[in-house]
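Chain A is the first sequence line, chain B the second, and so forth, proteins listed ahead of strands; every chain is numbered from 1.
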Number of protein chains: 2
Amino acid sequence: MSEQTSRRERKKAATRQAIANTALTMFLERGYDAVGIREVAQAADVAVTTVFAHFPSKEALVFDRDQGLQDRLVDAVTGRGRRWSAAQALRDELHVMVHEFTGEQSAVFWRLVDGSPELREYESRMWQRHADALALAIAADRGRAEPATTDKALARYVLGVFPLAREAPDPATAVDEIMDLVDAAWAAARQNRAAEVPKPAP
Amino acid sequence: MSEQTSRRERKKAATRQAIANTALTMFLERGYDAVGIREVAQAADVAVTTVFAHFPSKEALVFDRDQGLQDRLVDAVTGRGRRWSAAQALRDELHVMVHEFTGEQSAVFWRLVDGSPELREYESRMWQRHADALALAIAADRGRAEPATTDKALARYVLGVFPLAREAPDPATAVDEIMDLVDAAWAAARQNRAAEVPKPAP
DNA sequence: ACAGTAACGCTAACCGTTAGGATTTCACAA
DNA sequence: TTGTGAAATCCTAACGGTTAGCGTTACTGT
């Protein structure tokens, strides 16, 4: 479970954590726009350049832990039991995730995000990244090494659940409504597969 | 056809055009990142503040004429004959538009866009805006004043054609593949409509 | 102990963007 | 014609995220 880490790696990880925690606390207290990078660096007792050595942008400070989301979605497809379809596994996982996001604990976080156009935009880029990763998993599940157009499309539709569910009056219902569409699209993609023709060499 | 325009409006439009044309020319010649806003302003013989009075951001200088795209998609739904479904009308229009974008004339433009992360991101925001407008048209077409979750989802799927078709080996085929998925999703959304229950007043 | 390298620091700048406020240009009515 | 208000443009100065360049410290492996 615990990887072998050198002192250097541990210190680096600690610095990264300290910066992200400091930044998020300050953002929540005073607002994202009202806190500058120079302030964050000073409060975390590091140089501004160190902040950007750990995070590619100011927005990334907020979505510090987004890799886990991507892993959960990919695992839902690759690590599911044989009894469920990929779409069903994704639907289940989406219900859990959306439920987490709409819980009272996450409310302050998403209020912070919704309060800033830059953060909302970064969020949508994040879903896009996760969609690319999910497209790979879906392609593999359908027996392809590279994602085809339909694989990418389906992955996007799945990730589209998050923005739409978050703004829907009843998020859980929204998840089911959208996943019903995805199920139908998925079935259509399965049929087209039979019509595929191997591409002749140019 | 020609609206009644005052001299003031004509001059304003001319200034806007001059700025956009100057900027696009410079970007194409020297690259988007290599040309600063201050340079564009100087070349167009206006103040920097005037540039931002006409365009909300540097990226908007490139996508000067994007409103037309939105109008074409919305019109495809609202102004179609009774013999076609909305999905079919959109498929036809998408074929025309994607064909335009992949023509030799547009190639340099999209190379410029693909060469800059900022422009690619602005492009995706643009599709998102158009998806919101299309969602309204779809909702109206299905007899709703406000777009429901499924309306928004379908609109997004339609707009998702552009990024996916542009990176596909055969764009025209990609359009059909994706619209086949959309057709299936659309049919599924139509069925769910029967299950809708009027919301009781709170 | 020592050399190499990764992490961190400091300074100074670049660039998009905006506030503030002056100045010109136009539309419209007295 | 002239006056008046509004819209368009201009100038200056700054703010905030981001990066380049280069020096310093802390750790790793020998």
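- Of the candidates C:dA27, C:dT17, D:dC10, C:dT17 carries the atom nearest the B:Ile37 side chain, counting heavy atoms from C-beta on.
- Remark: B:Arg30 engages B:Glu39 in a salt bridge, criterion side-chain N to carboxylate O under 4.0 Å.
- Note that CZ of A:Arg120 and CD of A:Glu59 are 12.5 Å apart. Values are rounded to the nearest 0.5 Å.
- One finds a side-chain N or O of A:His54 lying less than 4.0 angstrom from the OP1 or OP2 phosphate oxygen of C:dC8.
- Between the P atom of D:dT28 and the CD atom of A:Glu9 lies a distance of 9 Å, rounded to the nearest Å.
- The distance between atom NZ of A:Lys11 and atom C1' of C:dA6, rounded to the nearest whole Å, is 13 Å.
- For the pair A:Phe55 CZ and C:dC8 P, the interatomic distance rounds to 11 Å; values are reported in whole Å.
- Nucleic acid contact class of B:Val48 (heavy atoms, under 4.0 Å, all strands): base.
- Toward the 5' end of DNA chain D, the nearer of the two residues A:Lys58 and B:Thr15, judged by each one's closest nucleotide, is B:Thr15.
- A salt bridge links B:Arg166 with B:Glu123: at least one charged nitrogen is closer than 4.0 Å to a carboxylate oxygen.
- Under 4.0 angstrom from either OP1 or OP2 of D:dC11 there lies no side-chain N or O belonging to B:Thr49.
- Between A:Arg16 atom CZ and C:dC8 atom P there is a gap of 12 Å when expressed in whole angstrom units.
- Distance A:Glu39 CD to D:dG16 P: 8 Å, rounded to the nearest Å.
- A straight line from CG of B:Leu61 to P of C:dG16 spans 10 Å, rounded to a whole angstrom.
- Of the candidates D:dC10, C:dC10, D:dT18, D:dC10 carries the atom nearest the B:Val46 side chain, counting heavy atoms from C-beta on.
- In this structure, A:Arg7 reaches the sugar-phosphate backbone alone: every heavy-atom distance under 4.0 Å involves primed, P, OP1 or OP2 atoms, never a base.
- Along DNA chain C, the nucleotide nearest B:Glu59 and the nucleotide nearest B:Arg8 are compared for position; the residue whose nucleotide lies closer to the 5' end is B:Glu59.
- Nucleotide C:dA27 holds its C1' atom 12 Å from the CZ atom of B:Arg10, rounded to whole Å.
- Nearest nucleotide to the side chain of B:Arg38, out of C:dA7, D:dA8, D:dA14: D:dA14.
- As judged by a 4.0 angstrom heavy-atom cut-off over every strand, A:Asp33 is placed among residues making no nucleic acid contact.
- Rounded to an integer number of Å, the gap from CG of A:Leu119 to P of D:dG17 is 12 Å.
- In this structure, the nucleotide among C:dT18, C:dC8, D:dG17 sitting nearest to the side chain of B:Phe52 is C:dT18.
- Scored by the salt bridge (Lys or Arg N to Asp or Glu O under 4.0 Å) test, B:Asp66 finds B:Arg129 as partners (sequence neighbours excluded).
- No donor-acceptor contact under 3.5 Å links the side chain of A:Ser6 to the base of D:dC27.
- Here A:Asp180 pairs with A:Arg91 in a salt bridge; the nearest charged N to carboxylate O distance falls below 4.0 Å.
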